[in-house]
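For the numbers below, each heavy atom of this structure counts, side chains included, while hydrogens, waters and symmetry mates do not. Note on naming: letters A, B, ... go to the chains in the order of the sequence lines (proteins, then strands), and numbering restarts at 1 for each one.
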Amino acid sequence: MALKRETYRIDVSNDVVRVRQVARSWAAELKFSLVDQTKFVTATSELARNTLEHGGGGTMTAEIVENGTKKGIRLIFDDQGPGIANIELALRDGYTSAGGMGLGLSGSKRLVNEFEINSEPGRGTTVTIIRWK
Amino acid sequence: MDRIPILKVGDCLLVTIQVDMHDELAMSLQEDLTSQIARYGSRGVLIDISSLEIVDSFIGRMLANIAAMSRVLDAQTVLTGMQPAVAITLVELGMALPGIKTALNVERGMQLLQEYMDEGPEPEETDGSEA
């Protein structure tokens, strides 16, 4: 059950900047440490850019979630792009389809506590992350 | 489109990144810097990122590209002022920025550039230690 929930569009590169700021302000609201805030915002940036560059745009839904006494932030990045044919390969360090360094997915996975990816070729990709306080 | 200002000071170019950059802005900085190095024959580039709250793989790649391109153009790049939380995150992300010289603050960064310019071209990249 989400305590708070908002959805943001990611259509242009300024939207990536904007969702980074959203991630920052929510993480600050939950009083994440500075390092945890930085990791969370960096993961947000990587995944939002993926949504824009690979997914051709999409949305980020942010939720404050609870597990017992612990609170966290869940972010769901959703696009209707071409999808990922081989998720295992896409999650490997150094694998790139866009001429980058191939750290977007694998790197952001290391920066959060929970990471889930669902993708179907031709139908789009959904990446869900949670960082607990 | 907005641009990040580049200051020319003697043989060096100084850049202070103070805004949360979107990707095109980062790309234009890369282009502006390389064309200014060529135009002024600059020997050193100092990039201060003390106000940057995150460096993700895109910005990290842009910084690595600037360092590599300026080296090809006979200029040395020093990155200064990285926040500790940013450094921790960057390494965890998988980017240790090899090949980029760093300094804790602008003052030390300028010293490093000065030393480089005084001693001329760098000897083959080994450990860069000075006696």
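A:R9 CZ: more than 12 foreign heavy atoms inside a 6.0 Å radius.
Here the CD-CG distance, from A:E53 to B:D23, works out to 6.5 Å after rounding to the nearest 0.5 Å. Atom OG1 of B:T89 and atom CD of A:Q37 lie 10.5 Å apart (nearest 0.5 Å). Note that CG of A:L111 and CD1 of B:I88 are 11.5 Å apart. Values are rounded to the nearest 0.5 Å. The distance from the OG1 atom of A:T38 to the CG atom of B:L52 is 11.5 Å, given to the nearest 0.5 Å.
B:H22 places none of its side-chain heavy atoms less than 4.5 Å from the side chain of A:V16. Looking at heavy atoms from C-beta onward, A:R20 lies in side-chain contact with B:I54 at the 4.5 angstrom threshold. Put simply, the side chain of B:L93 reaches to within 4.5 Å of the side chain of A:T42, judged on heavy atoms.
Heavy-atom distances place the backbone of A:S108, and not its side chain, under 4.5 Å from chain B.
Residues B:L73 and B:M62 are members of one and the same hydrophobic cluster, defined by side-chain heavy-atom contacts under 4.5 angstrom among Ile, Leu, Val, Met, Phe, Trp and Tyr. Linking Ile, Leu, Val, Met, Phe, Trp and Tyr residues whenever their side-chain heavy atoms come within less than 4.5 Å leaves A:V41 and A:V17 in two separate clusters. No single ILVMFWY cluster, assembled from side-chain heavy atoms under 4.5 Å apart, contains both B:M69 and B:V45. At a threshold of 4.5 Å between side-chain heavy atoms, the hydrophobic network of Ile, Leu, Val, Met, Phe, Trp and Tyr places A:I76 and A:I84 in two separate groups. Connection of B:I66 to B:V19 is established within a shared hydrophobic cluster, with ILVMFWY side chains joined at heavy-atom distances below 4.5 Å, either directly or through further cluster members.
Among the candidates A:K39, A:Q21, A:R49, the residue making the largest number of heavy-atom pairs closer than 4.5 Å to chain B is A:R49. Top candidate by heavy-atom pairs under 4.5 Å with chain A, chosen from B:G94, B:A85, B:A64, is B:A85.
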